[in-house]
Amino acid sequence: MSFEEKIGLEIKYSEVMADIVGILDEDKDFVAVTEGILSCICKKLHFQSAVLRQKELKGDKWKILSQYGICDKVYEEEAVVEAFERTYINEKEDVYLPIAINGRVSMHMAFFDALLPEYREEYRTFLETVRLIVQSALAKRIVQNSLAGSYASLEAIIENVGCGIFVYDSLNQKCLYTNEYYRRHFRGNTTNNELENLLQSGCGHTEFFVNENNRWFDIYNSSIQWVDGRKVTLYTIYEVTDKKNYQQKIERQINNDFLTGLYNRMRCEQDLEHFIKQTKEFGGQGALLYIDLDDFKHINDGLGHQYGDALLRSISHSLQRVSGIENTCYRMGGDEFIIIVPHAQFNMLKTILDDICSIFTKPWFLKGADYYCTMSMGVARFPEDGNTVDELIKKADIALYEAKKTGKNRIEYYNDAVESISFKRLDLGKKMRDAARDAGREFEVFFQPIMGVDGCCQGAEALIRWKLDGMGFVSPAEFIPLAEYLGLINPIGEFVLMESCKYLKRWNDMGHPNYQVNVNLSVVQLLQNDIVTKVEKVIREFRICPENLVLEVTESLAVNDMGRMKQILGQIKDLGVRVAMDDFGTGYSSLNHIREMPLDIIKIDRCFVQDIGKDEFSESFVKMVAELAATIGVTVCVEGVEEREQYEVLSRMKIQQIQGFYYDEPMSASQFEEKYVKKQD
Ligand code: C2E
Ligand code: MG
Ligand code: MG
């Protein structure tokens, strides 16, 4: 090549370079830039067409990104190009410039149909330089583009996340950014200012309530570096309405009584503590009223629980409407209520008491009829009667018990004289432990006659009584569960069994060899390992006729562990002792039990008798059980017969025994002996 030619080439190279750099410098998009480069090289180096192609991510195809001139060539060289890393010129003098991005050849520029082929080889070094420049410029652009792409997608994510974002520059007091969620929820409504003030005051983790639509938000903050390097605060705001509602519901459940909606015992104790503290600080006094409904059990048992519940709700409702105590009524459980009269209302105490009393002078309409329900109340005052929660509740309870004992339906104020006697009630458990040690002293077994339908006595059921000094009799329905709980039922039960067998033997020997005595066995007793041995021992000790001893078990317990029950009862029956199913119909009644359990007697619960003549179901239930029992040879005893009409209905059924006030109430052994043993001689 001549010197002139060389100079000419050098000049051309510098022109091409200058053009390329100029094109790269322009702020144009990728296609425009690459088209510019292709066209510039083609024009200056005399190619007719050129193309920039990129290898597709999937498969082996190359796709055109930009081109110059008309390219209708089949490019056989592609596979080869990919293998090269530098400028490649084939025999036809087509030029390929492989372009590596991130170390991999993923594009190439190809120039075709050279018009002046003679200089091709001379271009090689120059083209290699062009290749390197274009490669680095394109690589840079691609990286920038993908950054821009990821920034754009990041922003799209932030705009659309399910929480509010608020970026605040506290130094310059400027909001730098809010996302779509934030703007949608807070911008343009009246709470916005409130929220922005809160955020700008640099709050920590906090809650925010939007009054307009009852929504709750949690706000978190963190310090971040903004794009330009300054420190700013990023607030994220999450909606927590559901969580909050759930929390409030739980709190209500913790503080409120489910049935009546009144506050419960826990809340009562909290509030009382607060009011006591207030009187300590500001002086004045307050009162605690402890209310217990009189004979509520009758309504509950007589009408059914749903009516008992309805009554409790109505009473609660009325209590809450008494002015001065709207927010200080509490249900302590069962039929017990507490009312606090805080010191601010203490001057109204008399009116409050009058208003409460008048609630109970009116009848309640339940199950189609009017029922009266009275209440007894104990009153303790603070601080004079006590200044702790426990002490006040205890003292109001003592006064209440006094009101009950002295005739119910009245109000009793606490005074110290009352305390000395009534304190005993409060540690029934301790008293029972003492009593059980010497059962004969405080417990006594009563007997209620069991009659045949012909009106002749057939024996008695043994029913325990607990005589407590100064407190009269405590009902077995009340203390048997306690005895079971305290693990004292076994010694107490043994006492009853011994007493019963003692009298059974005596009465059998006094001319009534067929009299039976029924003894109630609690489930705890029955499931004892040595219960069979114990019964056997008593039979031997008192030399009784085993068939005259009847052990009563309850139905509800029978289902717990049927297999075990059947086995134990079977062993008891093997001794010759008879077994009765007590309170039949009240437990998890299954008529199958009649067949499956080794029974001799079924005692139909008194709740079915009460409704005889009023309720068809009860009557047909008793009748059906009687029929069924007759076919399998089981004796039927009906409990709780109180009236002549009941007796008459029952006497027409297949019933063998009757027990109830219609004949007699439970009585002491000596009374029973007087009335049913001696007289019949
Ligand atoms: P229960 O075995 O069903 O006893 C019958 C209960 O009904 C007795 O109550 C009895 O006084 C009462 N009653 C009898 N006739 C009538 C009537 O015509 N009308 C009404 N309204 N009631 C009547 P009590 O003596 O208060 O005993 C209650 C429960 O305590 C007994 O129910 C029994 O389950 C349990 N119990 C009593 N003594 C013992 C005992 O020594 N050991 C065990 N484990 N439980 C006992
Ligand atoms: Mg019984
Ligand atoms: Mg019973």
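Only heavy atoms go into these numbers, but all of them, side chains included; no hydrogens, no water, no symmetry mates.
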Option from Gln656, His512, Gln657 for which side chain to side chain donor-acceptor pair (under 3.5 Å) with Gln458 holds
Gln657
For residues 523-547, pull every pair meeting salt bridge (Lys or Arg N to Asp or Glu O under 4.0 Å), keeping only residues two or more places apart or in separate chains.
Glu494-Lys534, Asp530-Lys534
Can a donor-acceptor pair be found between the side chains of Tyr401 and Asp292 at a distance below 3.5 Å?
no
To the nearest 0.5 Å, tell me how far Ser500 OG sits from Glu461 CD.
9.5 Å
To the nearest 0.5 angstrom, please state how far the CG atom of Leu312 sits from the NE2 atom of His305.
11.0 Å
Between Phe479 and Trp466, ring centroids under 6.0 Å
yes
Check: Phe542 ring centre within less than 6.0 Å of Tyr503 ring centre
no
Inter-residue atom distance Ser522.OG - Asn490.CG, 0.5 Å rounding
7.0 Å
Taking the ring of Trp364 and the ring of Tyr307, is the distance between their centroids below 6.0 Å?
no
Under a 3.5 Å threshold, yes or no: a donor from one side chain and an acceptor from the other, between Glu673 and Ser670?
no
Of all heavy-atom pairs between Ile612 and Leu650, which one has the smallest distance, and what is that distance?
CD1-CD2, 3.6 Å
Specify whether Tyr647 and Tyr663 have parallel, tilted or perpendicular ring planes, treating 30° as the upper limit for parallel and 60° as the lower limit for perpendicular.
perpendicular
Heavy atoms only: give me the nearest Leu575-Pro546 pair and the separation to one decimal.
O-CB, 3.3 Å
Nearest 0.5 Å please: distance from the CG atom of Asn518 over to the CD atom of Glu552.
4.5 Å
Would you call the rings of Phe621 and Phe608 parallel, tilted or perpendicular, where under 30° means parallel and over 60° means perpendicular?
parallel
Under a 3.5 Å cutoff, is there a donor and acceptor pairing between the side chains of Tyr330 and Arg267?
no
If you count every heavy atom of other residues, nucleotides or ligands that lies below 6.0 Å from Lys573 atom NZ, does the total exceed 12?
yes
Mind checking whether Trp507 and Tyr676 have ring centres under 6.0 Å apart?
no
Might you point out which heavy atoms bring Ala462 and Val519 nearest each other, and give the distance in Å?
CB-CG2, 4.5 Å
Nearest atoms (heavy-atom pairs only) where Leu400 meets Tyr290
CD2-CD2, 3.7 Å
